[in-house]
Asks: 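Okay, handing you the structure first.
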Amino acid sequence: MIYISRFQNPELKSGNYTVVGIVRYLPRFRLAYERAGNIIDIAPPKEIFNINVKEQFIDLYIAHLERVGVERISKQLEQYLALGKDVVLCCYEDVRQVGEWCHRQIFAKWWFEKTGEIISELKDESPIKNKIPAPSMNVKNEIKEESAVSDNEKPLIRIEYSIWKPREYLPYIGGDVYYQVDRKTGKQTRLFDKDARELISEGKADVLLDFDTIEKLRFILLSDSTVQVYRVNKKGQEKAIDLKAAIELASVGMVGILDIINK
């Protein structure tokens, strides 16, 4: 039998399941069980990864699944089922939370429509953590509430630019990692990307940038049509990157231009 769930479901620690990721970026936190593999074909493609409008995401994701096809996915699932245990396809979201949804649910529905096979959510008896409340539509009240909170009471979030880290499963863009930092002890706790971005965008958190990572871009003009780009961190370390990635980084303000060298 095949189930879907989240990587942090305590039920997975029982050892009764073959756990398989269906994600584009693998967990960086420690798992209390062995992960058997990852089916990248079921993960959302990069171009739709940050789309938060559910209807738009569903249309694009299903189109992706149609391109991959039932036969190709079925062969991969059969490899894991052959190990003798129920298979659990995992990503990150806790869909028990009100308003939360995930691509694994969309995949399960698509799979049922295509094959008639039911893929259910695995039981999860752990406490449901409260989500960050949505911002109030009353702008005046929102301003009053925020002004009553001192900066020291806000959570401190450190952003680590994982684009600098040599990890094969992270892309040039969109792989930032967020940690909440305890102001007293310095202890860091990994945050889900969406929750961290909500806090930052709503001004409900202070931000600490990881300044040992990428800061500047160095462009070297080799000819009229050839440009080599390097990322340069604060320590002066250089790493060559794709020109398109460099332009995206600069366009969102994550880096500045160190220099342009004409050879």
Asks: Going by side-chain contact (heavy atoms from CB on, under 4.5 Å), Ile2 matches just one of Val20, Leu81, Asp86, Thr18. Which one?
Replies: Leu81

Asks: Would you please test Phe57 and Trp101 for ring pair (Phe, Tyr, Trp, His ring centres under 6.0 Å) and show each step?
Replies: CA-CA 11 Å; Phe57 179 93; Trp101 56 276; 5.4 Å; yes

Asks: Determine whether Leu122 and Ile4 satisfy the following criterion, side chain to side chain contact (heavy atoms under 4.5 Å, CB included), listing intermediate values before the conclusion.
Replies: CA-CA 6 Å; Leu122 184 68; Ile4 51 176; over 6 Å; no

Asks: For the side chain of Arg35 and the backbone of Leu26, is there at least one donor-acceptor N/O pair under 3.5 Å apart?
Replies: no

Asks: Thr115 versus Trp110: any side-chain heavy-atom pair under 4.5 Å?
Replies: no

Asks: Say whether, by atom type as modelled, one donor and one acceptor occur between the side chain of Asn38 and the main chain of Val23 under 3.5 angstrom.
Replies: yes

Asks: Once rounded to the nearest 0.5 Å, what's the spacing between atom CD of Glu55 and atom CG of Leu60?
Replies: 12.0 Å

Asks: Go through Glu11 and Tyr17 one step at a time and tell me if the side-chain hydrogen bond (donor to acceptor under 3.5 Å, both in side chains) criterion holds.
Replies: CA-CA 9 Å; Glu11 173 65 18; Tyr17 309 97; 2.7 Å; yes

Asks: Do Tyr61 and Ile42 come within less than 4.5 Å of each other through their side chains, counting heavy atoms only?
Replies: yes

Asks: According to a 4.5 Å side-chain heavy-atom criterion applied to Ile, Leu, Val, Met, Phe, Trp and Tyr, with indirect links allowed, do Ile40 and Tyr80 form part of one hydrophobic cluster?
Replies: no

Asks: Can you find a pair of side-chain heavy atoms, one from Cys91 and one from Arg24, that are under 4.5 Å apart?
Replies: no

Asks: What are the two closest heavy atoms between Pro45 and His64, and how far apart are they?
Replies: CD-CG, 3.7 Å

Asks: Could you tell me if the side chain of Thr189 sits less than 4.5 Å from the side chain of Val181, heavy atoms only?
Replies: no

Asks: Check for me, please, whether Met1 and Phe112 land in the same ILVMFWY cluster - side-chain distances under 4.5 Å, paths through other members count.
Replies: no

Asks: Test Asn9 against Cys90 for side chain to side chain contact (heavy atoms under 4.5 Å, CB included), laying out the working first.
Replies: CA-CA 9 Å; Asn9 183 351; Cys90 287; over 6 Å; no

Asks: Tell me, with the steps shown, if Ile22 and His103 meet side chain to side chain contact (heavy atoms under 4.5 Å, CB included).
Replies: CA-CA 9 Å; Ile22 52 170; His103 74 279; 3.8 Å; yes

Asks: What I'd like to find out is whether the side chain of Arg96 reaches to under 4.5 Å of the side chain of Pro127, using heavy atoms alone.
Replies: no

Asks: With the 4.5 Å side-chain cut-off for hydrophobic clustering, are Phe107 and Val68 part of the same group?
Replies: yes

Asks: Does the side chain to side chain contact (heavy atoms under 4.5 Å, CB included) test come out yes or no for Trp111 and Leu65, once each step is laid out?
Replies: CA-CA 9 Å; Trp111 189 255; Leu65 293 174; over 6 Å; no

Asks: Between the side chains of Glu121 and Arg104, is the shortest nitrogen-to-carboxylate-oxygen separation below 4.0 Å, so that they form an ion pair?
Replies: yes

Asks: Could you check whether Glu66 pairs with Lys114 (Lys NZ or Arg NE/NH1/NH2 to Asp/Glu carboxylate O, under 4.0 Å)?
Replies: yes

Asks: Apply salt bridge (Lys or Arg N to Asp or Glu O under 4.0 Å) to Arg72 and list each qualifying residue two or more places apart in sequence or on a separate chain.
Replies: Asp41

Asks: Group every Ile, Leu, Val, Met, Phe, Trp and Tyr by side-chain heavy-atom contacts under 4.5 Å, then state whether Ile58 and Ile119 land in the same group.
Replies: yes

Asks: Look at the side-chain heavy atoms of Ile, Leu, Val, Met, Phe, Trp and Tyr, link any pair under 4.5 Å apart, and say whether Ile73 and Ile62 land in one connected group.
Replies: yes

Asks: Check whether any side-chain heavy atom of Val19 sits under 4.5 Å from a side-chain heavy atom of Leu31, and report yes or no.
Replies: no

Asks: Would a 4.5 Å heavy-atom cut-off, applied to side chains only, mark Asp124 and Arg6 as touching?
Replies: yes

Asks: Within a reach of under 6.0 Å around CD1 of Ile118, are more than 12 heavy atoms found that belong to other residues, nucleotides or ligands?
Replies: no

Asks: Considering residues, nucleotides and ligands other than Glu113, do more than 12 of their heavy atoms fall under 6.0 Å from its CD?
Replies: yes

Asks: Within the 4.5 Å heavy-atom criterion, are Tyr92 and Cys102 side-chain neighbours or not?
Replies: no

Asks: Not counting sequence neighbours, which residues clear salt bridge (Lys or Arg N to Asp or Glu O under 4.0 Å) with Glu71? List them please.
Replies: Lys75

